[in-house]
Amino acid sequence: MSEHAIAWTVNGHRRHDRVEARTSLADHLRLEAGCTGVHLGCEHGACGACTVLVDGRAVRACLMLAVQADGADVTTVEGLAAPDGTFHPAQDAMREAHGLQCGFCTPGVLMTFAALTAGEEPADEATMIAAMSGHVCRCTGYQGIRRAARALAEGRYGGGAERISGDGATGPAAGKGQAA
């Protein structure tokens with residue numbers, strides 16, 4: 001087997017690893033870096049469960065070799081929240097919009113939303129929804145995920161007093177007594 005040295009950053013921590021040339025980024029993140037939030041669903045790049053950020057761009061970790069991450073800054077769902085534990089806006093939006101059920105697709109969806117909301121102008125709702133075509137939710141939580149995408153596009157991030165309801169209303173009482 002051919003092993004290669006890589007130096008990279010994972011969730012803000014500098015790492016120096018040796019990896020076999022054939023090892024996927026997803027497998028290396030899970031098995032060697034302990035990032036078990038990187039889920040493997042299809043291992044063909046179709047389900048989106050393994051989505052991570054590589055230098056700020058959402059990529060399918062099952063389709064990328066670990067050796068290709070040499071010199072890269074990789075963020076997984078474990079590194080999405082702030083060091084003090086404050087949720088990322090994508091995490092707040094998914095939580096407030098009930099955009100998760102079993103949680104298998106959630107890390108990949110969160111990483112896609114994080115990539116789309118990075119920068120000065122977050123993506124619009126249509127772009128956020130279109131990006132979801134690359135994710136498969138096995139328990140059909142799509143309506144909650146769509147509400148989270150809408151909230152992120154509109155700058156409503158959940159948390160605090162701001163709530164997201166199924167009818168698009170916000171505020172402390174939004175969604176109370178209503179089916180979401």
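By convention here, the first residue in the shown sequence is residue 1.
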Closest non-hydrogen atom pair between [X] and [Y], with its separation:
X: Val10; Y: Cys35; answer: CG1-SG, 3.9 Å
X: Gly41; Y: Ala49; answer: N-CB, 4.4 Å
X: Cys62; Y: Gly45; answer: SG-N, 3.3 Å
X: Leu53; Y: Ala114; answer: CD1-CB, 4.4 Å
X: Cys50; Y: Ala26; answer: CB-CB, 4.5 Å

### Message
If you take the centroid of each ring, where Trp contributes its six-membered ring, are Trp8 and His13 closer together than 6.0 Å?
### Response
no
Would you say the side chain of [Y] lies within less than 4.5 Å of the side chain of [X], judging by non-hydrogen atoms?
X: Leu25; Y: Leu63; value: no
X: Val59; Y: Val52; value: yes
X: Leu40; Y: Asp27; value: yes
X: Thr76; Y: Leu29; value: yes
X: Arg150; Y: Arg156; value: yes
X: Thr117; Y: Pro89; value: no
X: Arg57; Y: Val54; value: no

Would you compute the distance between atom [atom1] of [X] and atom [atom2] of [Y] and round it to the nearest 0.5 angstrom?
X: His135; Y: Thr106; atom1: NE2; atom2: OG1; answer: 10.5 Å
X: Met111; Y: Thr51; atom1: CE; atom2: OG1; answer: 8.5 Å
X: Arg18; Y: His4; atom1: CZ; atom2: NE2; answer: 8.5 Å
X: Leu100; Y: Leu110; atom1: CG; atom2: CG; answer: 8.0 Å
X: Arg147; Y: Glu96; atom1: CZ; atom2: CD; answer: 11.5 Å
X: Glu125; Y: Arg146; atom1: CD; atom2: CZ; answer: 7.0 Å

### Query
Which pairs with one or both residues in residues 30-48 pass side chain to side chain donor-acceptor pair (under 3.5 Å), sequence neighbours excluded?
none
### Task
Give a yes or no on whether the backbone of Asp73 and the side-chain of Asp55 come within a donor-acceptor separation of less than 3.5 Å.
yes
### Task
Applying side-chain contact (heavy atoms from CB on, under 4.5 Å), name anything that partners Cys105, two or more places apart in sequence or on another chain.
Val109, Cys137, Ile145
### Task
Applying side chain to side chain contact (heavy atoms under 4.5 Å, CB included), run through Glu3 and Val19 and close with a yes or a no.
CA-CA 5 Å; Glu3 279 198 355; Val19 297; over 6 Å; no
Hphob cluster co-occupancy, [X] + [Y], side-chain heavy atoms under 4.5 angstrom:
X: Val77; Y: Leu152; answer: yes
X: Met94; Y: Met128; answer: yes
X: Leu116; Y: Ile129; answer: no
X: Val38; Y: Leu65; answer: yes
X: Phe104; Y: Met132; answer: no

### Task
May I ask you to check whether over 12 heavy atoms, not counting those of Arg14, lie within 6.0 Å of atom CZ?
yes
### Ionic contact status for Asp17 with Arg15, cut-off 4.0 Å
yes
